[in-house]
Amino acid sequence: MHWEENKKIYCLSDFHLGAPNMAASRLRENRIVEFLTSIQPTAAAVYIIGDLFDFWFEYKQVVPKGYIRLLGKLAALRDAGIPVYVFSGNHDMWMKDYFQQELDIPVYHDPQLLEWNGKRIFMGHGDGLGPGDQGYKMLKKVFRNPFCHWLFGWLHPDWGIGLANYFSRKSREKTGGAEEVFKGEDNEWLLVFAREQQQKTPVDFFVFGHRHLPLDLEVVPGCRYLNTGDCITHFTYLAFDGKD
């Protein structure tokens with residue numbers, strides 16, 4: 001595709017809006033909206049690659065309340081003709097068609113192979129990829145099962161969302177900041193995954209979130225693994241200028 005000069009692709013992830021409470025979440029949301037406003041003149045596209053929300057479930061006629069400032073900003077970006085894409089993460093995997101219908105924003109539930117200005121980019125949230133973490137991988141299969149999705153939908157929203165927020169908070173208390181520590185190249189499972197994937201389908205960049213840790217690591221010569229970090233502690237993002 002034709003690349004417009006002075007434009008960039010912006011990638012960011014792991015907002016976890018709603019956590020740890022609505023007051024702290026609102027401050028973070030305001031900061032994210034200010035950032036999106038600042039990049040609007042130069043944005044060729046915006047990718048939000050997972051865990052936009054700390055929890056999200058779309059009932060047939062109900063979605064979680066709140067986040068109106070961010071949703072309004074995303075709508076404004078689309079109205080301005082800027083493509084916006086969202087990947088679901090492990091905290092908001094139950095996104096369905098609300099974003100597509102209301103905001104004209106596609107939602108991807110699996111990694112995607114993209115091409116921008118001749119560069120091949122493998123992009124996804126990153127949860128469940130690579131070796132290890134078998135417990136979560138099994139849990140992910142359960143959560144993504146259509147029957148389980150349907151069954152949860154029978155809970156009243158006050159009960160369902162309240163229950164999910166409780167378990168999300170407990171999970172965070174258990175892990176603490178463990179995910180923000182660099183594990184070494186042999187133990188960074190997304191780097192291990194990228195090196196294995198590169199042997200099957202060569203790309204120029206692997207772009208993931210999920211780790212809450214900004215990373216720039218060599219997969220093989222000519223290919224890099226980049227992690228967007230988060231919008232909680234690091235407030236980092238990735239900008240692609242068409243070449244690098």
Side-chain angles (χ1 to χ4, degrees), residues 10-22 24-33 35-36 46-58 63-64 66-67 69-71 73-74 84-96 98-100 103 105-112 122-130 133 135-137 139-140 143-144 149 152 160-161 163-181 188-190 193 206-215 225-238:
Y10 291 93
C11 305
L12 55 166
S13 72
D14 296 276
F15 303 174
H16 288 270
L17 292 182
N21 54 62
M22 293 310 295
S25 175
R26 175 66 59 78
L27 293 174
R28 189 160 68 252
E29 181 182 5
N30 289 342
R31 188 171 180 180
I32 294 166
V33 169
F35 171 75
L36 292 173
V46 175
Y47 287 86
I48 300 174
I49 55 176
D51 285 352
L52 193 166
F53 305 107
D54 201 55
F55 176 72
W56 181 270
F57 185 88
E58 295 175 25
V63 297
Y67 323 118
R69 289 160 181 79
L70 178 62
L71 296 178
K73 185 64 209 181
L74 294 177
V84 179
Y85 307 92
V86 168
F87 286 77
S88 64
N90 52 304
H91 279 257
D92 50 17
M93 67 174 68
W94 281 342
M95 301 179 80
K96 292 177 67 179
Y98 178 74
F99 269 54
Q100 181 71 65
L103 304 173
I105 293 176
V107 174
Y108 300 116
H109 297 284
D110 296 296
Q112 300 291 310
F122 186 97
M123 183 183 295
H125 183 58
D127 61 308
L129 300 180
D133 207 6
Y136 169 71
K137 289 176 180 176
L139 197 61
K140 184 176 181 179
F143 284 164
R144 292 185 66 171
H149 195 163
F152 188 90
I161 294 174
L163 189 65
N165 286 336
Y166 171 80
F167 282 112
S168 179
R169 183 170 63 252
K170 287 298 182 182
S171 174
R172 190 177 300 101
E173 290 173 357
K174 182 179 179 180
T175 58
E179 72 271 18
E180 297 180 21
V181 178
E188 283 290 337
W189 65 88
L190 288 175
F193 169 83
F206 289 87
V207 177
F208 298 117
H210 187 52
R211 283 287 283 111
H212 290 228
L213 185 67
L215 294 170
Y225 154 46
L226 300 148
N227 198 290
T228 48
D230 67 13
C231 292
I232 302 173
T233 303
H234 298 96
F235 282 94
T236 46
Y237 65 93
L238 173 69

Nearest-0.5 Å distance, [atom1] of residue [X] to [atom2] of residue [Y]:
X: Phe99; Y: Asp92; atom1: CZ; atom2: CG; value: 8.5 Å
X: Met22; Y: Glu29; atom1: CE; atom2: CD; value: 7.5 Å
X: Asp230; Y: Thr236; atom1: CG; atom2: OG1; value: 6.0 Å
X: Ile32; Y: Leu27; atom1: CD1; atom2: CG; value: 11.0 Å
X: His16; Y: Cys231; atom1: NE2; atom2: SG; value: 10.0 Å
X: Ser88; Y: Asp110; atom1: OG; atom2: CG; value: 7.5 Å

Kindly indicate whether the side chain of [X], heavy atoms from C-beta on, has any atom under 4.5 Å from the side chain of [Y].
X: Ile48; Y: Ile105; result: no
X: Tyr67; Y: Trp56; result: yes
X: His125; Y: Met93; result: no
X: Leu190; Y: Phe206; result: no
X: Tyr108; Y: Ile49; result: no
X: Asn227; Y: Leu213; result: no
X: Ile232; Y: Arg28; result: yes
X: Asn90; Y: Asp51; result: yes

Where do [X] and [Y] come nearest, in terms of heavy atoms and distance?
X: Met123; Y: Cys11; value: CE-SG, 3.7 Å
X: Asp14; Y: His210; value: OD2-N, 2.9 Å
X: Pro111; Y: Leu129; value: CG-CD1, 4.2 Å
X: Val84; Y: Pro106; value: O-CD, 3.4 Å
X: Asp54; Y: His91; value: O-ND1, 3.0 Å
X: Leu74; Y: Leu36; value: CD2-CD1, 4.1 Å

task: May I ask you to decide if the ring planes of Phe208 and Phe122 are parallel, tilted or perpendicular, using 30° and 60° as cut-offs?
output: perpendicular

Parallel, tilted or perpendicular, as decided by the 30° and 60° cut-offs, for the rings of Tyr47 and Phe87: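 Aromatic pair Phe87/Tyr47 classed tilted.
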
- prompt: Is the backbone of Thr228 close enough, under 3.5 Å, to the side chain of His234 for a donor and an acceptor to pair up by distance?
  reply: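 The answer is no, because no donor-acceptor pair under 3.5 Å joins these two groups.
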
- request: Give a yes or no on whether the backbone of Gly18 and the side-chain of Arg26 come within a donor-acceptor separation of less than 3.5 Å.
  value: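 Judged by distance alone, no pair lies under 3.5 Å.
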
field: side chain to side chain contact (heavy atoms under 4.5 Å, CB included) between Leu52 and Leu17, intermediate numbers included
entry: CA-CA 6 Å; Leu52 193 166; Leu17 292 182; 4.2 Å; yes

